[in-house]
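Per chain, numbering begins at 1; letters A, B, ... match sequence-line order. Fair warning: this is a prediction, and the values are worked out from it, not measured in the lab.
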Amino acid sequence: MAEQGSSIDYDFQAHERPLFEAWKEAGYFQRTPGTPEQKDHPYTIVIPPPNITGVLHMGHALNDTIQDACIRRARMQGRPTRWVLGTDHAGIATQTKVDKKLADQGISRLDIGREAFVEACYEWYREYGATIVNQISGMGCSCDYANEHFTLEPAYVRAVRQLFTDWYHNDLVYRGKRIVNWCPHCTTAIADDEAEYVDEAGHLWHLRYPLTEPVDGLEYLVVATTRPETMLGDTGVAVNPKDERFAHLVGKTVRLPLVDREIPIFADWHVDTEFGTGCVKVTPSHDPNDWAMGEAAGLPRINIFDETAHVVEGFGRFSGMDRDEAREAVVVAFDELGLLEKVEEHAHSVMTCYRCHTKLEPWESEQWFVRVDGLKADAARVVEDGSIQFHPARWKQVYLDWLGNLKDWCISRQLWWGHRIPMYYCDSCGWEDASVEDVEVCPACGGSVRQDNDVLDTWFSSQMWPYATMGWAEEGNDAPEIRACYPTQVLSTARDIMGLWVARMVMSSMYCTGQIPFEHVIIHPTVMGADGKPMSKSRGNGVDPLVLMENYGADGMRFGLLLQVTGAQDLRFDENKLVSSRNFANKIRNAARFVSMNLEGYTPGEPMAATPADRWIFSRVAGLVKAVDEAFDAFEFGEVTRLLYGFFWNEFCDWYIEFSKARLSGSPEDRLACQRNLMFVLDQSLRLLHPIMPFVTEEIYQELPFERDSQLLIGAAWPKAEALAKYADAQAERAIQMVCDVVSAIRSTRSRYGISPKEPLAVVVKAGADDAELLQAQRALIEGMANTASLSIAPDADKPAQASVALVPGLEVYVQLTGLVDFDAERARLRKEQAKLAKDAEKFRKKLSNPGFLAKAAQEIVEKDTAKLAELEEALAKVEAQLAELG
RNA sequence: GGUCGAUUGGCGCAGCGGGAGCGCAACUGCCUUACAAGCAGUGGGUCGGGGGUUCAAAUCCCUCAUCGACCACCA
């Protein structure tokens with residue numbers, strides 16, 4: 001290989017970029033044709049479209065690695081694959097960014113008007129929309145870059161209008177006056193599940209509300225509130241119907257201070273008798289609970305705030321104040337009137353805008369809603385019956401619970417950037433309708449019409465992502481790609497948008513296509529900082545994937561991330577794993593270099609199981625492929641990476657390559673067999689590793705003379721477990737296991753006595769007849785790996801004088817150490833071993849003398865444990881004999 | 001308040017009914033020409049506490065504790 005693999009300043013990008021271009025040129029990113037046998041099993045993934053405001057973060061890095069691993073394996077399995085790429089216009093997020101950008105130039109969106117602002121947003125999209133896509137390509141993701149989508153592209157807009165119009169005509173969307181979460185900064189409604197709760201150390205103010213007529217000498221009621229300013233809009237006071245303290249007051253009225261309004265005292269079950277004073281001031285226009293109580297009690301609604309949360313006209317000196325000023329003024333006024341009973345500290349949580357973190361105001365306004373009752377049954381059914389499967393499976397319940405609690409969805413946003421609601425109104429005759437096409441004149445009276453000013457919640461368009469990117473807008477369910485490749489196979493995402501996005505995709509897909517949108521939902525762990533807390537700028541525990549790729553290569557980052565994927569909900573980011581992974585990539589590079597340096601005289605051909613070592617490694621490969629397939633099919637990515645790492649490093653490199661060194665300078669026939677076998681195992685390994693480490697594996701594939709079924713590894717066939725099953729060989733595994741054990745025992749002895757590996761040692765191995773025969777055949781391996789001066793293996797071997805003894809299962813290894821043995825150290829070591837063996841043997845003896853165990857345990861377990869005990873007792877006897885000999 | 005997770009060697013995590021594993025860190029010795037981003041070797045845990053089921057529990061059940069996520073409520 002050309003590169004010096006050990007270079008500390010390895011330039012990953014320089015190696016990765018050309019490979020990416022080669023894949024792209026070769027057309028692997030578009031839907032691949034698939035092999036004949038797999039042609040009917042297309043494999044499609046739609047990428048969760050990143051926001052155009054974003055740069056690649058750790059969540060994307062992990063998520064996109066998972067998807068690429070899936071799609072690359074499927075591609076290698078010969079399935080027609082496509083990974084649909086695109087970005088999301090991200091309504092409120094982008095509008096906020098563009099607002100800020102304009103503000104920095106001293107421009108207000110209100111000055112330039114809607115059209116110019118939307119144009120500024122598109123400009124933003126053109127400028128920033130590409131950056132994250134570039135970053136995804138830098139990770140090596142094999143998305144369909146030639147068919148990139150955008151949630152505001154013309155066809156997508158049409159799809160969204162189609163769905164809104166259908167739902168409107170089927171009474172699944174409606175307009176209503178409701179209390180919604182309003183962001184006074186963004187001046188828009190926010191969906192319930194977009195709100196973020198933040199804990200706040202607030203106060204509980206106890207206010208006296210004078211009774212209109214004193215009752216039994218009682219002059220006033222005390223209400224407790226965290227939001228005294230809203231008292232301006234109070235239209236009632238509620239008590240619990242079972243609360244005897246106030247039962248006699250129900251039906252009476254209080255005279256609301258400051259605004260001098262007479263309001264009723266009524267009973268409602270919402271009221272908690274334990275909390276505060278048991279009396280609740282009711283402000284239907286500014287609290288969702290109060291709204292519900294007001295509805296039930298028929299209370300009037302008084303809206304005291306404008307859209308920026310300033311007190312509206314009609315409230316005297318309070319008018320024009322913002323909510324914080326109003327709060328202070330109201331409290332002062334109560335105090336001055338002697339109506340402020342007390343103020344308590346009170347921790348509570350407040351809803352904030354997930355974009356700008358301004359406190360949200362429950363505010364009454366006219367909005368559009370989706371009637372979810374008609375949609376959620378199908379969405380629940382397809383998960384209940386297993387048509388859609390979650391991984392890990394426990395997320396199924398989370399999904400179903402979310403659906404179960406679902407309330408009507410507020411979809412209108414008072415923004416400019418987004419899908420404008422396709423509702424048209426005629427002010428002259430009152431006609432109104434939803435329409436896919438623009439409407440210019442009123443079909444009823446011929447007058448002019450206007451379109452609704454609001455845009456749709458971003459999730460309204462995101463929910464259509466799987467099919468709106470496949471031609472649904474143009475041809476509906478007859479679109480060729482939908483007919484051939486829908487539903488998709490895998491959706492991989494983070495748990496926090498399970499309801500927001502995943503459930504809604506299912507609902508809308510069931511409605512629009514009559515099909516599920518995907519078969520498998522992978523909920524990957526959330527990437528937390530090294531401190532276990534969510535990554536954030538303020539906490540300073542964030543990590544930038546772009547920097548990680550520079551330091552560890554895309555392969556190192558990908559492998560290192562997948563190593564950390566388990567069934568847990570979080571993943572505490574451990575950069576050490578990336579170090580290991582980068583080192584692993586280097587190990588692969590070096591192993592390949594070793595093979596390539598020893599290819600002189602190599603001719604291609606089938607692998608040749610010439611020796612037990614060959615049969616052993618083939619048997620291990622067969623087992624590996626099976627295990628990797630199982631882990632992949634279960635989406636257990638941590639397991640996949642661990643299997644590959646362990647096999648390649650600890651079996652292939654540590655043993656097989658070492659075994660092969662002597663053989664490569666042996667007979668020409670065996671040298672050739674060894675070369676072919678090295679190439680075979682390396683080839684299989686590269687294929688298995690490619691979905692996770694696409695770059696190193698492809699690079700090596702290009703540099704070595706593999707017998708290729710595809711010019712590029714990206715298109716090579718995935719190893720087939722069934723075809724490899726013929727290599728399973730228990731006897732070879734046993735033989736090589738013994739070789740490894742004996743070699744390790746000798747090395748251990750060396751190390752213990754500080755004997756250099758260069759010093760040849762005389763070794764005697766005592767083994768049972770069968771094992772002795774197996775080992776005898778492999779003596780060359782032991783001699784080569786352990787540097788023996790002499791090696792004798794026999795069932796009746798005698799222990800040489802002055803030798804150290806090492807026990808390995810079934811064998812005794814004597815290393816002759818004339819003049820070197822420290823008998824005290826040897827005794828100490830043997831005593832320690834004796835104690836351990838005695839303890840273990842005792843455990844098994846106890847187990848095997850338990851009648852219950854013998855009667856009830858599976859026969860094979862009893863047999864296994866019996867053999868184990870015999871082995872332990874034998875070893876113990878040997879150790880004790882050694883000790884006796886040492887005196 | 002409800003639901004779901006987590007608790008295993010110094011750190012990060014696997015294992016999830018039959019003798020406690022991995023990576024990193026630590027310690028010892030090696031520049032053995034594939035690899036010092038490496039090689040060889042060593043030490044280190046009664047699997048959060050308590051109870052139960054079972055012949056057998058890190059693994060299943062109950063309970064407590066601590067940490068965390070989500071949902072609901074917070075006048």
Whether A:Ser748 contacts B:U42 is assessed here as follows: a side-chain N or O lying under 4.0 Å from the phosphate OP1 or OP2. Is that the case?
yes
Using atom P in both nucleotides, what's the gap between B:C60 and B:U7 to the nearest angstrom?
11 Å
Counting side-chain heavy atoms from CB outward, which of B:G18, B:A69, B:C13 is closest to A:Ala857?
B:G18
So what does A:Ser744 touch, heavy atoms closer than 4.0 Å: a base, only the sugar-phosphate, or nothing?
sugar-phosphate
Taking B:G23, B:C13, B:G18 as options, the one with an atom nearest any side-chain atom of A:Tyr645 is B:G23
Determine which nucleotide pairs with B:A69, using a 3.5 Å limit on both distances of a Watson-Crick or G-U wobble pair.
B:U3
According to the Watson-Crick and G-U wobble definitions, with both distances under 3.5 Å, which nucleotide is paired to B:C39?
B:G29
Which residue, A:Val282 or A:Arg752, contacts RNA chain B at a nucleotide closer to its 5' end, judged by nearest heavy atom?
A:Arg752
Starting at the 5' end of RNA chain B, which residue's closest nucleotide do you reach first, A:Trp655 or A:Ala530?
A:Ala530
Counting Watson-Crick and G-U wobble pairs only, both distances under 3.5 Å, name the nucleotide matched with B:U53, or none.
none
Which whole number of Å gives the distance between the C1' atom of B:A58 and that of B:A25?
24 Å
Is the phosphate of B:A34 approached by A:Lys661 (side-chain N or O, under 4.0 Å from OP1 or OP2)?
yes
Contact class for A:Lys281 (heavy atom, under 4.0 Å): base, sugar-phosphate, or nothing?
sugar-phosphate
Using the P atom as the point on both nucleotides, what is the distance between B:C4 and B:U28, in whole Å?
50 Å
Closest to the side chain of A:Lys577, out of B:G41, B:G12, B:A34, is B:G12
Pick base, sugar-phosphate or nothing for A:Val223, based on heavy-atom distances below 4.0 Å to the nucleic acid.
nothing
Listed nucleotide nearest any side-chain atom of A:Cys653, set B:A34, B:G12, B:U3
B:A34
From CD of A:Glu658 over to P of B:C30, roughly how many Å is that when rounded to an integer?
19 Å
In whole angstroms, how far is the C1' atom of B:C11 from the CG atom of A:Leu578?
16 Å
Side-chain N or O of A:Arg572 versus OP1/OP2 of B:G12: is the shortest distance under 4.0 Å?
yes
Donor-acceptor check, side chain of A:Thr749 to backbone of A:Val815, threshold 3.5 angstrom: yes or no?
no
Check every atom of B:C35, B:G5, B:C39 against the side chain of A:Gln569 and return the nucleotide holding the closest atom.
B:G5
Measure the CZ-CG distance between A:Arg208 and A:Leu340 for me, rounded to the nearest 0.5 Å.
8.5 Å
Taking the P atom in each of B:C39 and B:A34, what is the distance between them to the nearest angstrom?
13 Å
At 4.0 Å (heavy atoms only), tell me whether A:Leu563 reaches a base, stays on the sugar-phosphate, or touches nothing.
nothing
How long is the straight-line distance from CD of A:Gln564 back to CG of A:Asp574, given to the nearest 0.5 Å?
5.5 Å
Report which part of the nucleic acid A:Trp649 touches: base, sugar-phosphate, or nothing (heavy-atom distance under 4.0 Å, all strands).
sugar-phosphate
Classify the nucleic acid contact of A:Lys839 as base, sugar-phosphate or nothing, counting any heavy atom under 4.0 Å across all strands shown.
nothing
Minimum-distance nucleotide to A:Asp865 side chain [options: B:U3, B:G18, B:C35]:
B:G18
Output the single nucleotide from B:U3, B:G18, B:G41 whose closest atom is nearest the side chain of A:Ser751.
B:G41
Between P of B:A34 and CD of A:Glu703, the distance in whole Å:
18 Å
Separation of A:Met528 atom CE from B:C67 atom P, in whole Å?
16 Å
In whole angstrom, give the distance that lies between atom CG of A:Asn590 and atom P of B:A36.
7 Å
With rounding to whole Å, what would you report as the distance between B:G18 and B:G23 at their P atoms?
22 Å
Rounded to the Å, how far apart are A:Ile861 CD1 and B:G18 P?
8 Å
By nearest atom, which of the nucleotides B:G68, B:A37, B:A34 is closest to the A:Arg593 side chain?
B:A34
The side chain of A:Asn576 lies closest to which of these nucleotides: B:G12, B:A40, B:C24?
B:C24
What orientation do A:Phe632 and A:Phe637 show, parallel under 30°, tilted 30 to 60°, or perpendicular over 60°?
perpendicular
To the nearest Å, give me how far apart CG (A:Asn583) and C1' (B:A34) are.
15 Å
Classify the nucleic acid contact of A:Leu872 as base, sugar-phosphate or nothing, counting any heavy atom under 4.0 Å across all strands shown.
base
Expressed as a whole number of Å, how far does the P atom of B:G68 sit from that of B:U8?
15 Å
Base, sugar-phosphate, or nothing for A:Ala855, non-hydrogen atoms under 4.0 angstrom?
nothing
Check whether the side chains of A:Asn586 and A:Tyr10 place a donor and an acceptor atom closer than 3.5 Å, and report yes or no.
no
Determine the contact category for A:Phe844: base if any of its heavy atoms lies under 4.0 Å from a base atom, sugar-phosphate if only primed atoms, P, OP1 or OP2 are that close, otherwise nothing.
base
Contact class for A:Cys279 (heavy atom, under 4.0 Å): base, sugar-phosphate, or nothing?
nothing
Would you indicate what A:Arg642 reaches in the nucleic acid, counting non-hydrogen atoms under 4.0 angstrom: base, sugar-phosphate, or nothing?
sugar-phosphate
Is there a salt bridge (Lys or Arg N to Asp or Glu O under 4.0 Å) between A:Arg750 and A:Glu759 once you walk through the steps?
CA-CA 9 Å; A:Arg750 245 184 222 293; A:Glu759 176 114 3; over 6 Å; no
How would you label the contact of A:Lys843 with the nucleic acid (heavy atoms, under 4.0 Å): base, sugar-phosphate, or nothing?
sugar-phosphate
Atom of A:Trp655, atom of A:Asn650 and distance for their closest heavy-atom approach
CD1-O, 3.2 Å
Sticking with atom P, work out how far B:A6 lies from B:C16, rounded to a whole angstrom.
13 Å
Whole angstrom value for the distance that separates P of B:A37 from CD of A:Glu550:
20 Å
Apply side chain to side chain contact (heavy atoms under 4.5 Å, CB included) to A:Val330 and A:Phe334, showing your working.
CA-CA 6 Å; A:Val330 165; A:Phe334 266 75; 3.8 Å; yes
Can you check the distance between B:G49 and B:U59, where both ends of the measurement are the P atom (answer in whole Å)?
10 Å
Closest listed nucleotide, where the reference is the side chain of A:Arg394 and the choices are B:C4, B:U3, B:G23:
B:C4
A:Arg495 near the nucleic acid: base, sugar-phosphate alone, or nothing, with a heavy-atom cut-off under 4.0 Å?
sugar-phosphate
Once you round to the nearest 0.5 Å, how far does OH of A:Tyr399 lie from CE of A:Met498?
9.0 Å
No-H, no-angle donor-acceptor pair, A:Gln564 side chain to B:A14 base, under 3.5 Å
no
Answer yes when A:Glu860 and A:Lys864 have at least one side-chain N-carboxylate O distance shorter than 4.0 Å, and no when they do not.
no
So A:Ala238, base contact, sugar-phosphate only, or nothing? Heavy-atom distance under 4.0 Å.
nothing
Tell me the partner of B:C22, counting only Watson-Crick (N1-N3 plus N6-O4 or O6-N4) or G-U wobble (N1-O2 and O6-N3) with both under 3.5 Å; none if nothing fits.
B:G12
